[in-house]
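Naming: A, B, ... by sequence-line order, numbering from 1 per chain.
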Protein chains: 2
Amino acid sequence: MNEQDFLAGYDPRDYPAVAVTVDVVALTIRDGALHLLLIRRGAPPYAGHWALPGGFVQPDEDLATGARRELAEETGLGGERLRRVHLEQLGSYGAPDRDPRMRVVSVAHLAFAPDLPEPVADTDADEAIWLPVTALTSRQLAFDHGRIIDDGLERARSKLEYTPLATRFLAPEFTITELREVYETVWGHPLHAGNFHRKVLSVPGFVESTGGSTERGGARGGPRAKLYRAGDARLLHPALLRPAREETVR
Amino acid sequence: MNEQDFLAGYDPRDYPAVAVTVDVVALTIRDGALHLLLIRRGAPPYAGHWALPGGFVQPDEDLATGARRELAEETGLGGERLRRVHLEQLGSYGAPDRDPRMRVVSVAHLAFAPDLPEPVADTDADEAIWLPVTALTSRQLAFDHGRIIDDGLERARSKLEYTPLATRFLAPEFTITELREVYETVWGHPLHAGNFHRKVLSVPGFVESTGGSTERGGARGGPRAKLYRAGDARLLHPALLRPAREETVR
DNA sequence: TTGAGAACAACTCAATCTGAGAACAACTTA
DNA sequence: TAAGTTGTTCTCAGATTGAGTTGTTCTCAA
């Protein structure tokens with residue numbers, strides 16, 4: 001039976017109540033470590049557990065708009081700085097028993113943000129914080145948010161391979177070394193600096209030179225690095241593939 | 001307030017009514033062309049237009065289960081043959097005005113199926129048919145299903161690059177040529193037979209030899225081809241990348 | 001002021017991978 | 001039996017990759 005026939009002469013209240021929420025896996029890099037925006041829940045269910053920022057989708061807003069609104073509320077961000085955050089849909093989670101209160105389908109989103117100020121307490125006044133992803137165990141997480149976060153992290157690692165979205169973790173102008181550090185942080189292992197440099201500059205539209213340089217060399221020495229901004233490519237061709245991992249070697 | 005008190009005082013009806021449906025972009029290959037399972041709508045809105053098979057998610061079923069159920073209803077498939085169909089979540093579509101009757105969030109899924117019998121008329125008795133994707137214009141499609149189909153096709157093209165899912169369009173045993181034809185059909189351009197052969201056999205876990213061969217050579221001659229079955233890899237390393245297209249050359 | 005160490009950028013080189021074509025045997029149909 | 005087709009393997013030049021080296025510019029501390 002399809003939805004259209006079902007809905008002809010519909011009354012929404014005839015059908016099982018389903019709530020639709022948007023949740024956001026917001027990632028940023030602070031102090032060389034990948035961090036995740038989390039809320040400490042003050043009320044049941046899962047009081048005291050960490051949860052993803054999120055909430056009900058409003059009647060007049062698109063899913064992406066709702067996700068961006070939730071992100072804005074939790075980070076206190078607005079305007080140009082909010083607009084620079086990359087936001088994409090991650091997937092929907094709708095196991096019948098994932099929320100003990102009622103049937104809730106959550107449309108999860110994934111956000112890449114440059115280093116941001118500390119999050120602000122929401123109107124709901126739960127504690128909000130950037131937490132290193134390494135500090136998480138799924139035991140501390142509400143609902144199926146551990147699973148959603150795992151999926152988000154894997155999506156993030158994968159997206160760096162074939163899109164230029166690593167630049168979204170950085171300020172508008174950045175050095176190749178900073179860009180490499182994004183990859184190293186998200187992928188979790190070091191890359192060869194020289195080869196990375198060559199590769200980034202050889203992929204059309206990945207980065208473009210600003211002509212400028214950093215004010216100073218590195219913290220412990222070295223020349224001033226050239227500055228780049230994101231290019232206009234939406235996909236990287238050829239891609240920057242992760243080195244094969246053990247599980248792929250078979 | 002403890003969890004029990006909270007749940008007791010919780011009224012789902014306090015929240016905006018949203019309907020959640022599952023829709024399926026089901027792809028198969030017939031006669032060397034990519035086909036899509038579509039339903040002809042009998043009733044308004046969009047009467048006479050083509051639409052994706054789909055319907056309400058049931059109170060006790062997961063999203064993926066709902067999608068598989070819709071697919072089963074529309075194809076008449078069951079058991080082992082249904083189980084062999086690859087099904088994954090594509091994304092959710094929830095623009096406030098995408099359905100003129102009420103707020104409907106559709107969780108779209110993507111399915112890869114081997115060549116199947118003609119679809120059966122559903123209980124709803126709308127016409128169901130496998131349609132070549134080249135025969136579609138979005139003008140003929142209901143709701144935002146044109147957009148969903150476009151996203152599904154792009155996802156399919158991309159998935160063939162880094163997963164072994166092309167095998168899901170084929171019978172359990174297949175030849176390298178048949179596998180290449182899947183790629184050519186989905187990607188829409190011919191591939192070099194020799195290089196494809198070399199590449200497929202060199203990727204660990206993509207295919208494994210059955211030891212057997214086809215009964216006959218090709219329709220117009222040639223030797224018998226060796227038979228393979230899908231290997232146990234879930235990802236292809238290294239990936240089978242599509243040749244760069246114009247838009248990527250910049 | 002200078003020496004030591006660090007880091008950016010460019011280069012080298014061997015190993016590997018890719019694209020394009022050719023070879024050849026096993027099969028088909030006419 | 002001849003002619004054409006196809007599956008598979010091989011060849012080879014060009015591109016890409018991984019790993020290391022070099023040269024230079026800079027910071028910090030003696």
Item to complete: Please step through side-chain hydrogen bond (donor to acceptor under 3.5 Å, both in side chains) for the pair B/S106 and B/D23, ending with a clear verdict.
Response: CA-CA 6 Å; B/S106 169; B/D23 289 324; 2.7 Å; yes

Worksheet item: Could you walk me through whether A/F196 and A/Y183 pass the ring-ring contact (aromatic ring centres under 6.0 Å, His included) check?
Response: CA-CA 10 Å; A/F196 182 85; A/Y183 277 88; 5.4 Å; yes

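One interatomic measurement links the two molecules: NE2 of B/H237 to P of D/dT17, which rounds to 15 Å at whole-angstrom precision. In this structure, A/L241 atom CG and D/dG18 atom C1' are separated by 14 Å, rounded to whole Å. Summarising the geometry, the separation between CG on B/L179 and P on D/dG7 is reported as 13 Å, rounded to the nearest angstrom. What separates NE2 of A/H189 from C1' of D/dG18 is a distance of 14 Å, to the nearest Å.
A salt bridge links B/E154 and B/R242; the closest N-O separation between the charged side-chain nitrogens and carboxylate oxygens is under 4.0 Å. At a threshold of 4.0 Å, the pair B/R229-B/E208 counts as salt-bridged, since one of the basic side-chain nitrogens sits closer than that to a carboxylate oxygen.
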Worksheet item: How does protein reach along nucleotides 4-17 of chain C, written 5' to 3' as B (base within reach of a heavy atom under 4.0 Å), S (only sugar-phosphate), or - (no contact)?
Response: -BBBBSS-B-----

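Terminal axes of the helix from C/dT1-D/dA30 to C/dA30-D/dT1 (five pairs each, C1' rotation axis) are separated by 20°, to the nearest 10°.
Surrounding CZ of A/R69 are more than 12 heavy atoms belonging to other residues, nucleotides or ligands, all under 6.0 Å away.
Contact of the A/L110 side chain with the A/L87 side chain is not registered, since no non-hydrogen atoms from C-beta on lie closer than 4.5 Å. Side-chain contact between A/E70 and A/H109 is absent, with no heavy-atom pair separated by less than 4.5 Å.
In summary, the side chains of B/Q140 and B/T137 do present a donor paired with an acceptor at a separation below 3.5 Å, with no hydrogens or angles considered.
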